[in-house]
Peer 1: 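Questions regarding the structure given below will be posed in turn.
Lettering follows sequence order; numbering is per chain, from 1.
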Amino acid sequence: MHDIKWIRDNADALKAALRSRNWEAGKVEETVGGLLMLDDERRNCIAMAQRGQEERNSLSKQIGQAMKSDPALAEALKARVAQLKDDLAAAEMAEKQAVAALEKELLELPNIPLAEVPPGADEHDNVEQRVVGAKPVFPEGFKPKEHFEIGEAMGLMDFEAAARMSGARFVVLKGQLARMERALGQFMLDLHTDVNGYTEVNPPILVKDEAMYGTAQLPKFQDDQFLALTNEDSLWAFNRAVDTFDSPASSADTDLNILQGRFLKQRRHWLIPTAEVPLTNLVREQILDEKNLPMRVTALTPCFRAEAGSAGRDTRGMIRQHQFSKVELVSITTPEKSLEEHERMTAASEEVLKRLGLHYRVVTLCTGDMGFASQKTYDIEVWLPGQDRFREISSCSVCGEFQARRMNARYRPAEGKGTRFVHTLNGSGVAVGRALVAVLENYQNPDGSVTVPEVLRPYMGGLEKIGGK
RNA sequence: GGAGAGGUGGCAGAGUGGUCGAAUGCGUCGCACUCGAAAUGCGAAGUACGGGCAACCGUACCGGGGGUUCGAAUCCCUCCCUCUCCGCCA
């Protein structure tokens, strides 16, 4: 979320940023102009409400004094405050609405790309930074298979069983393949905790609205999320509404819909689409000491995505699932250190692929392809010989203070007074499901078996090979 | 889920209708004392928003939301969270 004061002074910079993210010119003008108008409105309302409050406070003080010495004067003053009351209530309501209206619009604005981010419309304009390793060499005449062909041939990857119980975009892994998935997750966590200086965290994977707003999955990307609601929740909200309706003890909102909506909103949970959400929200509403920064945390969690906008894409195999495992990296830093940390984090993710002996490249996403909350993003794409192309396996983003503002996450600088917003970074280190895909395709043998990469063997009881005859 | 007790500044912890943004202690920072440190003494310091070039002024904030009142940290309602006991449960 952006500081409206900053927008006031830098409207042109914001407009340029929105255009670089493929917003059409008319919408940009309309949006930014609308924000400035809402802000004027908000400040007018605040000024008006504050004048009323000031007058009320001052009269109330006088009443307190007059009560002791001159009761008649006190009564007269009370009458004056009573006159004020309606105006004041209206002004306070107007202020509340104006603040909420502006906030609602601000939450819809994406982060501003850093100047160094390459301009561009879509993934074709991303800029390759480096290529590491080399394509695996297969015997003459052997055409490498895709991961699902390998897995299904082994009888260890079952999409049909998954579909029977859960529908499309789920998979059942069995035997040594299930074990290899587990091994990959363990290997990554151990690398990040033992070598890369991250602290392992086991966070909730059901989170409240506030957490999802904090990292900016909400409000804009609601359709990508899974929502968790108990039957009890809906019954409870219903009964609450009826009770309140029957005995409106308070003169608060008695509108049934508003009540139900409010209660359900308080009780519902979202399934995390990435551990970025709980890990970053560790610092929500916290004031950290600078000496504890950078804070580096990692977690292996399931991730859930509705994949609402990707019907028909990657329908075969494990590339795009509703549920997948991922090791996530999150860093909380000072503003001065965040870009340096971004490089460090990307290197930490790359190390996973290096040790697995996988061929990959790193690209800088262009302005038009970058995520909503990001200032700058590196994608790591791993080589998949079965598909004969690079596929994203990690995405490392620096978000500046964008998420910190939404979460109100701050730190106290070692020097100087006050607090500043932290900078947040997140990256996959790496997607476990896709890593399994990559291992299967890169380490496959003509006999249908798959060689276990050296670094995974300790996690698989020394096993050197799975499947095959 | 039921019963009870709580939620106050960085932390601990007073305050139960007005002069309370809030005592006190710890911690933090500055100054004095000291060769230096410790101890001691004196002093400073919350966050956000609005106005102002600024000094500064104003407003809000005592878990969240609502209400009563001229006036709420304090009274009432409601939700959330924590603790204790009971119930249920992987």
Side-chain angles (χ1 to χ4, degrees), chain A residues 1 3-6 8 38-89 91-96 98-100 102-103 106 204 207-211 230-233 235-237 239-255 258-269 283-292 404-421:
Chain A
M1 190 163 72
D3 184 1
I4 185 62
K5 280 185 280 194
W6 180 89
R8 229 147 58 200
L38 282 172
D39 183 46
D40 280 343
E41 172 73 12
R42 177 186 66 102
R43 285 190 290 165
N44 281 335
C45 289
I46 287 175
M48 219 182 310
Q50 289 192 351
R51 272 198 300 275
Q53 288 162 337
E54 187 176 354
E55 198 173 344
R56 181 201 59 197
N57 289 348
S58 133
L59 285 172
S60 288
K61 247 174 214 175
Q62 292 175 41
I63 291 172
Q65 283 158 0
M67 301 259 283
K68 291 167 196 156
S69 52
D70 186 351
L73 176 60
E75 286 311 311
L77 289 171
K78 279 189 191 181
R80 275 178 62 193
V81 179
Q83 286 177 348
L84 261 175
K85 257 194 127 176
D86 286 347
D87 287 351
L88 182 56
E92 283 176 341
M93 181 57 72
E95 177 190 341
K96 219 172 253 189
V99 169
L102 178 64
E103 162 109 351
L106 286 175
V207 299
K208 300 197 291 185
D209 277 46
E210 292 89 316
T230 66
N231 189 44
E232 205 67 28
D233 285 339
L235 270 177
W236 181 81
N239 288 330
R240 282 295 320 147
V242 170
D243 289 351
T244 312
F245 185 77
D246 284 347
S247 62
S250 73
S251 51
D253 255 322
T254 47
D255 184 279
I258 291 179
L259 282 166
Q260 281 183 306
R262 183 184 299 154
F263 289 131
L264 280 175
K265 204 168 166 176
Q266 278 170 3
R267 302 215 45 164
R268 68 181 177 182
H269 289 93
V283 299
R284 97 172 273 112
E285 288 166 40
Q286 298 297 301
I287 300 175
L288 308 170
D289 264 336
E290 180 169 359
K291 66 173 189 286
N292 294 328
R405 282 184 172 279
R406 289 170 164 248
M407 296 187 300
N408 198 20
R410 293 162 295 164
Y411 77 100
R412 228 174 264 291
E415 314 254 311
K417 318 199 287 180
T419 56
R420 301 173 75 195
F421 287 111

Peer 1: Between B:G71 and A:Asn57, is there an OP1 or OP2 to side-chain N/O distance shorter than 4.0 Å?
Peer 2: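 Answer is no, no contact under 4.0 Å.
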
Peer 1: Under 4.0 Å between a side-chain nitrogen and a carboxylate oxygen: does that hold for A:Asp289 and A:Lys291?
Peer 2: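 Yes, this pair counts.
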
Peer 1: Mind checking A:Asp289 for me? I need base, sugar-phosphate or nothing, with any heavy atom below 4.0 Å counting as a touch.
Peer 2: nothing

Peer 1: Between protein and nucleotides 28-30 of chain B, what N or O pairs are separated by less than 3.5 Å?
Peer 2:
none

Peer 1: Measure CG/A:Asp209 against C1'/B:G64 and give the value in whole Å, please.
Peer 2: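 Rounded to whole Å, this separation is 15 Å.
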
Peer 1: Measuring to OP1 and OP2 of B:G46, would you say a side-chain N or O of A:Arg412 lies under 4.0 angstrom away?
Peer 2: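 So the side chain of A:Arg412 is outside the cut-off, no N or O lying under 4.0 Å from OP1 or OP2 of B:G46.
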
Peer 1: Quote, to the nearest angstrom, the C1' distance that separates B:G66 from B:A72.
Peer 2: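 Result for the C1' pair: 14 Å, nearest Å.
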
Peer 1: I need the CG-C1' distance between A:Asp86 and B:U69, as an integer number of Å.
Peer 2: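 So the two atoms are 15 Å apart, to the nearest Å.
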
Peer 1: Find the distance A:Glu95:CD to B:U59:C1' and express it as a whole number of Å.
Peer 2: 8 Å

Peer 1: Which sits closer to the 5' end of RNA chain B, A:Arg8 or A:Lys85, going by the nucleotide each is nearest to?
Peer 2: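 In this pair, the answer is A:Arg8.
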
Peer 1: Please evaluate the base of B:G58 for a donor-acceptor partner in the side chain of A:Glu54 within a cut-off of under 3.5 Å?
Peer 2: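 Donor-acceptor pair under 3.5 Å: no.
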
Peer 1: Which whole-number value in Å describes the distance from A:Ile63 CD1 to B:G18 C1'?
Peer 2: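 Atom CD1 in A:Ile63 sits about 10 Å away from atom C1' in B:G18.
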
Peer 1: With RNA chain B as reference, determine whether A:Glu55 or A:Leu59 sits nearer its 5' end, using the nearest nucleotide of each.
Peer 2: A:Glu55

Peer 1: When you measure from the side chain of A:Arg8 to the backbone N and O of A:Asp39, does any donor-acceptor pair fall under 3.5 Å?
Peer 2: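 No; zero donor-acceptor contacts below 3.5 Å.
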
Peer 1: Mark yes when over 12 heavy atoms from residues, nucleotides or ligands other than A:Arg80 sit less than 6.0 Å from its CZ; otherwise mark no.
Peer 2: no

Peer 1: Give A:Arg56 one of three labels, base, sugar-phosphate or nothing, depending on what nucleic acid heavy atoms sit under 4.0 Å from its own.
Peer 2: sugar-phosphate

Peer 1: Round to the nearest Å and state the distance from A:Lys208 atom NZ to B:C79 atom C1'.
Peer 2: 11 Å

Peer 1: Supply the atom-to-atom distance A:Leu102 CG to A:Arg43 CZ, rounded to the nearest 0.5 angstrom.
Peer 2: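 Going from the CG atom of A:Leu102 to the CZ atom of A:Arg43 covers 10.0 Å.
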
Peer 1: Would you tell me if any nitrogen or oxygen in the side chain of A:Arg80 comes within less than 4.0 Å of OP1 or OP2 on B:C70?
Peer 2: no

Peer 1: Just wondering, do A:Ile46 and A:Arg42 contact through their side chains at under 4.5 Å, heavy atoms?
Peer 2: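 Sidechains of A:Ile46 and A:Arg42: in contact.
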
Peer 1: Would you mind reading off the distance between A:Met93 atom CE and B:G65 atom P, rounded to a whole angstrom?
Peer 2: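 After rounding, the gap between these two atoms is 13 Å.
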
Peer 1: Over all strands shown, is A:Arg410 touching base, sugar-phosphate only, or nothing at heavy-atom distances under 4.0 angstrom?
Peer 2: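 A:Arg410: backbone/sugar contact only, no base atoms under 4.0 Å.
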
Peer 1: Using a 3.5 Å limit on both distances, find every run of at least three consecutive Watson-Crick or G-U pairs that involves RNA chain B.
Peer 2: B:1-7 with B:80-86, B:10-12 with B:24-26, B:28-32 with B:40-44, B:46-51 with B:56-61, B:63-67 with B:75-79

Peer 1: Rounded to whole angstroms, how far apart are NZ on A:Lys78 and P on B:G18?
Peer 2: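 In whole Å, B:G18 P and A:Lys78 NZ are 14 Å from each other.
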
Peer 1: Between A:Glu92 and A:Gln53, do the side chains contain an N or O donor and an N or O acceptor separated by less than 3.5 Å?
Peer 2: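 Checked: A:Glu92/A:Gln53 side chains pair up, N/O donor to acceptor below 3.5 Å.
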
Peer 1: Could you go step by step and tell me if A:His269 and A:Lys208 meet the side chain to side chain contact (heavy atoms under 4.5 Å, CB included) rule?
Peer 2: CA-CA 5 Å; A:His269 289 93; A:Lys208 300 197 291 185; 4.3 Å; yes

Peer 1: Using the side-chain heavy atoms of A:Ser60, tell me which of these nucleotides is nearest: B:U47, B:C49, B:G71.
Peer 2: B:G71

